There are 2 protein chains.
Amino acid sequence: MADSDNAKTTRPFAQAAVLPDGAAPQQPGSGDRVPCRQCPLVGRRGLAPPDEGQRAWIESFKSSEVRFARGEQVLRQGGRATRLYTLLEGVLIRYRLLEDGRRQIVNFLFPGDLVGLQAAFDAELTHSVEAMTEARLCAFPRDRFFDLAVSHPKLSFDLTWMAAREEAALEDHLVSLGQRNAQERLAYLAVFLVQRGVATGVVREGVLRLTVTQSQIADMLGLSLVHTNRSLQSLRRKGLVDWTLSTIAVPDIEAARSFAQMDGDPYIPRPYI
Amino acid sequence: MADSDNAKTTRPFAQAAVLPDGAAPQQPGSGDRVPCRQCPLVGRRGLAPPDEGQRAWIESFKSSEVRFARGEQVLRQGGRATRLYTLLEGVLIRYRLLEDGRRQIVNFLFPGDLVGLQAAFDAELTHSVEAMTEARLCAFPRDRFFDLAVSHPKLSFDLTWMAAREEAALEDHLVSLGQRNAQERLAYLAVFLVQRGVATGVVREGVLRLTVTQSQIADMLGLSLVHTNRSLQSLRRKGLVDWTLSTIAVPDIEAARSFAQMDGDPYIPRPYI
DNA sequence: CGCGCGCCATGTCAAATGACACGGACCGTT
DNA sequence: AACGGTCCGTGTCATTTGACATGGCGCGCG
């Protein structure tokens, strides 16, 4: 039921992979385990540093490291995953397919984000997760998930925190789809992505390098492909957002935020798991 | 910034309160504390029963019980709450206001739901919460929140579970706003509400008694009031959904689910907090 | 009773968005 | 060089949805 291909929007395919930070791509597979001590997440802006005991415990918890190329599926809607992931590097999308092929992209995931929390509770997955760039994830076995709460309360607290943050992000998206028109939604999404990029150290000179097709934008914002295209051009003419296949630029974040009526703090530090 | 009143849709006002289960309303205030032993939530369909140690601990955690009348605000957008709530009885809505008065209702809350998790993390609230019916909440002090993870890992686990469930609900709503047309959205919302009502024992003979104005429906689904009205009538003529001011009836849930392209398990038991 | 008010219904027209069709740029493969 | 694939741009028209105006109905209230 989750694989119809007659959607009104075309399905994404693997394409030239883009690494968010310019790192060299390596062969896929689950080899070369990196010790948590050298975890690339530590030290990034926007991530609170973990304490030492915490790190040691996480290391013992970690089971393996996995890589995906752009376009590959990390999690499949309708399935049950046995592992919980932390995104180390790259960008993912989470989306849901309806039976007739309509697709709703629910959120973008950046380094530090949790992947598959639903699966950790033994629920059937309501969405798929796919790599937008070459990506590296850190995997934890699900069955040891409950141990976490017992042996490391701080981590468990952080986990709840992350779930609450993810929920807050969905709330933002929901407001966008419900109340904003096409151009406002586009401005909102561009700002959202750039800010997430900044927080995870993936933005250079105000420009986020990330290849997103207009079809994906449309499926995130609930717009048709054509209307997305036209609205994007209009925003470009206004100088608010310049969004190409491989880059997203918002010259004046404040102007764009005000255009889209976004309020609230843009930067909230995330805990480290 | 959160109080503009010039919205294109009218603001809800207090009106004849409706109790979901026919209980007699009592005077507002925070008096007459009910021991958790007699918690009205226990034994309801859809709630997993707590074990004894857990209950005792929750009882020590509980600080007070609060009541609200229809139309009263439980939490205010932009503020910081110092308490975390569990909804004992009644129905609430959670909504966000934009500066120009547009309103997006983010979710409906039913007995057993957590209220104010964001606030528990000391974040500024991004939404308001308002009572749709006479409501009773059970309040916990925020500063003791962290103790929970330490002393009762199972509860902490449940908390994460609840946050994940709430996130899944928002994902459903997001799919609705992004991919479904007006009538599908209405059918979806009606089914969603009836099913939540069933799960919390608030539905009688396939009909949910809950007063929701068309303006509130419109603000939940991102539709104009007028269009909501017309689409509602069309659904009624089709025999799919009969939604009046004070009742929601879905004669054939399966038909409505299929009309709205809903899939996945409708009933998932919730833990007890 | 008459009034104000919240809510729902409906008519008419306008605006936003979607559907379909086509062309063109780019790029890897043969 | 020709081909097929993906993606972006644009023209034309259809559909969905929104805006505005108006009336009706029930209900609490002085």
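Proteins come first, then strands; the chains are lettered A, B, ... in the order of their sequence lines, and each starts at number 1. Predicted, not measured: the structure shown is a model, and the values here were computed from it.
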(message) For D172(A), give me all partners under side chain to side chain donor-acceptor pair (under 3.5 Å), at least two apart in sequence or on another chain.
(response) R96(B)
(message) Any residue in residues 228-244 of chain A with a heavy atom nearer than 4.0 angstrom to DNA chain D? Just list them by number, or reply none.
(response) N229(A), R230(A), Q233(A), R236(A)
(message) Side-chain N or O of Q183(B) versus OP1/OP2 of dT16(D): is the shortest distance under 4.0 Å?
(response) no
(request) Return each pair, listed once, that meets ring-ring contact (aromatic ring centres under 6.0 Å, His included) where at least one residue sits in residues 201-231 of chain B; pairs must be two or more places apart or across chains. (result) none
[X]: salt bridge (Lys or Arg N to Asp or Glu O under 4.0 Å) partners, not counting sequence neighbours:
| X | value |
| --- | --- |
| R230(A) | none |
| R185(A) | none |
| E167(B) | R94(A) |
| D252(B) | none |

Protein-nucleic acid N or O pairs under 3.5 Å, nucleotides 25-29 of chain C:
none

(request) Please report how far the helix from dC1(C)-dG30(D) to dT30(C)-dA1(D) bends, comparing the axis fitted to its first five pairs with the axis fitted to its last five, to the nearest 10 degrees. (result) 30°
(request) Could you list the residues that satisfy side-chain contact (heavy atoms from CB on, under 4.5 Å) with S258(A), not counting sequence neighbours? (result) none
(message) Applying side-chain contact (heavy atoms from CB on, under 4.5 Å), can you list everything that pairs with Q233(A), at least two apart in sequence or on another chain?
(response) N229(A), R237(A)
(message) Test of understanding: with ring pair (Phe, Tyr, Trp, His ring centres under 6.0 Å), list the residues that count as partners of F192(B), not counting sequence neighbours.
(response) H173(B)
